[in-house]
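This report refers to the structure that appears directly beneath it.
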Amino acid sequence: MKPEEIHQKWQESNVFTAPEYPETAQKRYVLDMFPYPSAQGLHVGHPEGYTATDIFARYLRMKGKSVLHPMGWDAFGLPAENYAIKTGVHPDTSTHDNINNFRRQIQSLGFSYDWSREVDTSSPEYYRWTQWMFLQMYKHGLAYRKKAKVNWCNTCQTVLANEQVEDGLCERSKDPVVQKDLEQWFFKITDYADQLLNDLDTIDWPERIKLMQRNWIGKKEGVTVAHTVADMDITLNTFSAYAAWLFADTFIVIAPEHPAVAELVKGTEYEKEVMEFVSQMKNRSTAERGDADKEKLGVFTGRYAIDPLNPESRMPIWLANFALMDFGTGVIRCSAHDVRDYEFAQKYQIATREVVSRTETSMPVNAHENSGVLTDSGPFTGCSINAALISEMIDWMVAQGIAERTTTYRLRDWLISRQRYWGAPIPVVYDPEGNIHAVKEEYLPLLLPTDVDYRPKGTSPLGSSESYKALAEKLYGKGWHFEIDTMDTFVCSSWYYLRYCDPNNTKEFASQESLKVWLPVDMYVGGAEHAVLHLLYARFFHKALQDFGLIPKSVGREPFKALRNQGMILGPDHQKMSKSRGNVINPDEVVNQYGADTLRMYEMFMGPFDEVKPWDTASIKGIKKFLDRVSAIVREAVAAGKEKHQLESRGIHALIQGVQRDIEAFRFNTAISKMMIYLNDADFVKDGMYDMHALKKFVAVLSVFAPFTCEELWFEMGESGLVAQAAWPEFDPALAEKAEVTMAVQINGKTRATFVIAKDASQDDAQTQALTLSETKKWTEGKQIKKVIVVPNKIVNVIVA
RNA sequence: GCCGACGUGGUGAAAUUGGUAUACACGCCAGCCUUAGGAGCUGGUGGGGCAACCCUUGAGAGUUCGAGUCUCUCCGUCGGCACCA
């Protein structure tokens, strides 16, 4: 049978179609992160995750679960647009060519997707609801427009979210990101910072990903201290996360962008120098600003702040390049107990003092070590620094009216507008006075116009569309115009898992019943690179939509109950695969040479699912050989036509138990090795007689890994149905256990011999048998046995003097 | 700098609660089959040693009858964050 024929049988029998209304207890939603359909086609990394979820989904189906296992396309995005700029081919055309290629490749691998639920984020049927989601955010005050310093990539000619900036570089183009003051649209994800942080404790995700999200949210508790500027009506608030050293602070630095700077120096002799410094710091790239090794730069404002902890003391106020406006308050109390502050003070000869007595250390500065005894710290002089003391100090400062307990977060609001063409248009219209109005829901989808010049020019391409202008005036009146920015593609992917529940609904993004039935996603699989992008945004969407009453409360606060990350597959040279290195493996070629089953199994056999592992072209043969041997043995058994009618062999029960356990734990590599061992041991054949029952069970188990081969063998073994529809074979735990075990004899902890004994034999029996072995005698002869330790079924350790 | 993960043969890697280290596969070696094989099959394969034996999970120490697994120190690789107050 050709793979296409098998594929057709699956299609015809609707095996993979998810039921409309499954029993809640029986439903399982198994989801892959949907791909961006790139022109390069499928990468070997895609089938790694897809095979894992396919094995999982097929296994659950055979176990009698109602499985939703869909696939779709994250189809908006820059590459198609850049390709259009280069070639003139419309993004819609190239995207759909790519989708067709991806679908063909994915189908050739035999994944059990329910294709009736396919979604495409670039289709008006889909982005209509993306726009609708935007309107919900807007209505509930979670979408807003504001002028702000934003990340701008000159190559991509668009703004970027904080999450899309890596080391000050654009994650796409790898070019430096610059700061620009622009009016942009934001989603208020910061409203959900605490929930996004706390609810991490409720989900089964890799700890590594949870940690990355925790760090990204960056919740920090500390105190805010207000300072009056001497002889002025200005108050400067500082944030401090390390309250123990507040008494050490002797000066204050302020971010160049701080709104109070101009007023501080207005009309003074310092004004010129300070304002020059401000303009120098402006328009520096994030990378430049953020380089920790860079020299600290500052300028004195000529002003002093009154230290509320020490009202006689005057703290000089400086501007410093390392003070960041978007962290804390933009103003820092500085002391000698911070490496950075100390370096700055040294450079500019600012007086410092130490308030921690240390013994045996020459290091004068260390801000993060909560130890030592305080000196010169008001009522706390002489106290040892520890968590309780810090808390006490804060209480005291709060009582004195010096400080307030405050919390800051690293997380910023999500910048979602983009000055690009190939995305969902933001459904907002401006009246002639420039006031913002939400586009009426009945006008959705607000179609992406086609009469657009999408060559980059720093403004949004939609601005060049005559039809878009005309449409706004037609719908709203003269002088009205639509927002010309489009949405970040991460908005589209933040809710696609909801659409799969009810993908063809034209009245709602999904019916409440369908959401109630399928949510949450039980198993979500994809790469770790989305840790603080998609995976954070989707969680925010879920919570916000649920708060709007659009997602049933019964499904819980989290969209993805369990998450597993696939490890990256490196090239055969142990390097990251890339065109320039020429080490890219094309899955199509592997399928042509060895077949889809071999590719699937090889990728699962390479190593632990979540670890980085190199491709080894030679090793694939091992899998191919294994599958060929399975086929040969089954055919041999069928041809022999003899069935052994006796007690079932033990091996198959142990195998089913082991593989089942491994699949549930995502340990596919060891599951496959167990199947290989089973085949090598061949306990299903004896004296030319075959245990066909065992062989059938074996094929059923293997079918979730190698569906094409097993579908064919299933048929050849005389089964009329599809193995995809067969039940997962049951195992008998009693039969799975061996009657005998091999125990090791250790002399002083070194293994010297082994012996076979009945399972669960008594300790006395095991000891007696161990001591009578000639090997044991040889090592104990002439020595005194001091002690014998027996670990049932494992070891007898004889301690001799 | 801070946080986290990892380190086992020539290679990818196995190893329930601490209990026979190197399963399974690749590669390599030998043999069989073959006109031939980049096919298939069988056997061998951690290192040292003629052998008895000895050594071996990045290095070193510790706990234990027993450590790849637990604790500490160090080294290395990878990932995240980073003038974050």
Side-chain angles (χ1 to χ4, degrees), chain A residues 166-168 206-216 218 220 222 238-242 245 249 252-253 255 289-297 320-324 326-335 338-341 343-344 367-368 408-410 528-529 531-532 567-568 572 574 601-602 605-608 610-623 625-626 628-629 632 661 667 669-680 741-755 778 786-800:
Chain A
E166 292 170 350
D167 297 326
E207 274 311 314
R208 182 171 46 115
I209 302 290
K210 290 197 200 180
L211 189 71
M212 279 166 73
Q213 292 212 350
R214 284 190 192 105
N215 290 340
W216 191 261
K220 227 171 219 180
T238 60
F239 173 78
S240 177
Y242 303 95
W245 294 283
D249 298 333
I252 277 181
V253 303
R289 234 3 238 292
D291 186 355
D293 299 329
K294 226 191 70 182
E295 199 188 353
K296 288 167 185 52
L297 296 173
N321 60 344
F322 61 82
L324 306 174
D326 63 359
F327 187 85
T329 61
V331 187
I332 318 170
R333 279 175 68 95
C334 297
S335 77
D338 180 280
V339 181
R340 181 200 58 207
D341 299 352
E343 193 187 323
F344 187 77
H368 301 290
T408 60
Y409 299 86
R410 216 186 77 93
E529 67 274 14
V532 291
M568 209 199 327
H574 288 52
M601 282 189 84
Y602 172 64
F605 187 61
M606 289 170 82
D610 57 354
E611 273 174 35
V612 178
K613 39 207 176 286
W615 186 270
D616 181 12
T617 305
S619 297
I620 304 169
K621 270 190 280 185
I623 296 289
K625 218 151 72 174
F626 167 72
D628 286 348
R629 282 175 60 214
R661 205 181 276 157
R667 287 192 304 245
N669 54 333
T670 52
I672 292 170
S673 91
K674 285 184 176 83
M675 292 189 279
M676 288 172 166
I677 293 167
Y678 177 75
L679 196 73
N680 291 346
V741 291
T742 304
M743 288 181 71
V745 182
Q746 295 186 338
I747 312 296
N748 288 348
K750 274 194 194 298
T751 303
R752 297 298 182 186
T754 60
F755 64 96
K778 178 179 141 195
K786 292 175 71 178
K787 197 177 172 187
V788 179
I789 293 152
V790 181
V791 182
N793 301 323
K794 297 257 164 88
I795 262 175
V796 178
N797 192 3
V798 185
I799 313 302
V800 296

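Residue numbers begin at 1 in each chain, while the letters A, B, ... track the order of the sequences.
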Rounding to the closest angstrom, what is the interatomic distance between [N] and [M] at atom [atom1]?
| N | M | atom1 | result |
| --- | --- | --- | --- |
| G44(B) | U35(B) | P | 28 Å |
| C28(B) | U11(B) | P | 14 Å |
| C83(B) | U56(B) | P | 47 Å |
| U45(B) | A25(B) | C1' | 14 Å |
| G27(B) | G10(B) | C1' | 7 Å |
| C70(B) | U63(B) | C1' | 8 Å |
| G9(B) | U73(B) | C1' | 28 Å |
| G31(B) | G37(B) | P | 13 Å |

Would you mind classifying the nucleic acid contact of [X] as base, sugar-phosphate or nothing, using non-hydrogen atoms under 4.0 angstrom?
| X | result |
| --- | --- |
| Thr742(A) | base |
| Thr754(A) | base |
| Gly330(A) | base |
| Val612(A) | sugar-phosphate |
| Leu211(A) | sugar-phosphate |
| Arg667(A) | nothing |
| Arg208(A) | nothing |

Task: Chi-based syn or anti call at G9(B), which uses purine or pyrimidine torsion atoms and a 90° bound - done: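 Glycosidic conformation of G9(B): syn.
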
Look at the side chain of [X] and the backbone N and O of [Y], then say whether any donor-acceptor pair between them is shorter than 3.5 Å.
| X | Y | result |
| --- | --- | --- |
| Asn321(A) | Leu297(A) | yes |
| Lys210(A) | Arg208(A) | no |
| Asp338(A) | Asp341(A) | yes |
| Gln746(A) | Ile795(A) | no |

Between [N] atom [atom2] and [X] atom [atom1], what is the distance in whole Å?
| X | N | atom1 | atom2 | answer |
| --- | --- | --- | --- | --- |
| Arg661(A) | U16(B) | CZ | P | 11 Å |
| Lys613(A) | A13(B) | NZ | P | 8 Å |
| Lys786(A) | C65(B) | NZ | P | 11 Å |
| Asp338(A) | C2(B) | CG | P | 14 Å |
| Tyr242(A) | C84(B) | OH | C1' | 9 Å |
| Asn797(A) | A67(B) | CG | P | 10 Å |
| Met606(A) | U11(B) | CE | C1' | 12 Å |
| Glu611(A) | G79(B) | CD | C1' | 13 Å |

- [ ] With Asn748(A) as reference, evaluate Ile799(A), Val798(A), Asn797(A) under the side-chain contact (heavy atoms from CB on, under 4.5 Å) test and give the passing residue.
- [x]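 So, applying the side-chain contact (heavy atoms from CB on, under 4.5 Å) to Asn748(A) and each of Ile799(A), Val798(A), Asn797(A), only Ile799(A) qualifies.
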
Can you find a donor-acceptor pair, distance only, under 3.5 Å between [X] side chain and [N] base?
| X | N | result |
| --- | --- | --- |
| Lys296(A) | C83(B) | yes |
| Lys794(A) | U16(B) | no |
| Asn215(A) | C81(B) | no |

- [ ] Between Tyr602(A) and Ile332(A), just flag the one whose closest nucleotide in RNA chain B comes earlier from the 5' side.
- [x]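 The answer here is Tyr602(A).
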
TODO: Between Gly328(A) and Met212(A), just flag the one whose closest nucleotide in RNA chain B comes earlier from the 5' side.
DONE: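 Looking at RNA chain B, the more 5' nearest nucleotide goes with Met212(A).
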
Looking at [options], which one has an atom nearest to any side-chain atom of [X]?
| X | options | result |
| --- | --- | --- |
| Pro614(A) | C83(B), U20(B), G12(B) | G12(B) |
| Leu324(A) | A13(B), C83(B), A21(B) | C83(B) |
| Pro608(A) | G19(B), U20(B), A14(B) | A14(B) |
| His574(A) | A21(B), C84(B), U11(B) | U11(B) |
| Lys750(A) | G4(B), C55(B), G19(B) | C55(B) |
| Ile795(A) | G19(B), A85(B), U16(B) | G19(B) |

Task: Ionic contact status for Arg340(A) with Glu343(A), cut-off 4.0 Å - done: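 No.
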
TODO: For the residue pair Leu679(A) and Arg629(A), establish whether any side-chain heavy-atom pair is separated by less than 4.5 Å.
DONE: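 Yes. Closest side-chain heavy atoms under 4.5 Å.
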
Open item on the list: In the structure I gave you, are the side-chain heavy atoms of Val253(A) and Phe322(A) within less than 4.5 Å of one another anywhere?
Closed with: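 A side-chain contact exists here, since the closest heavy-atom pair is under 4.5 Å.
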
Nearest heavy atoms of [X] and [Y], plus distance in Å:
| X | Y | answer |
| --- | --- | --- |
| Ser335(A) | Asp249(A) | CB-OD1, 3.1 Å |
| Phe626(A) | Met675(A) | CE1-O, 3.8 Å |
| Tyr602(A) | Ser619(A) | CE1-CB, 3.8 Å |
| Trp615(A) | Ile620(A) | CZ2-CD1, 3.5 Å |

Task: N or O in side chain of Thr751(A) less than 4.0 angstrom from G19(B) OP1/OP2 - done: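 For G19(B), OP1/OP2 do not have a side-chain N/O of Thr751(A) under 4.0 Å.
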
- [ ] Whenever both distances are under 3.5 Å in a Watson-Crick or G-U wobble pair, mark it; put RNA chain B into dot-bracket that way, with [ ] for crossing pairs and | when the partner is on another strand.
- [x] (((((((..(((......[....)))((((((.......))))))(((....)))..(((((..]....))))))))))))....

Task: Straight-line distance of Ile672(A) CD1 to Ile677(A) CD1, nearest 0.5 Å - done: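 The CD1 atom of Ile672(A) sits 12.0 Å away from the CD1 atom of Ile677(A).
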
Open item on the list: Across nucleotides 22-29 of chain B, 5' to 3', mark each nucleotide with B, S or - according to how protein heavy atoms within less than 4.0 Å reach it.
Closed with: -BBSSS--

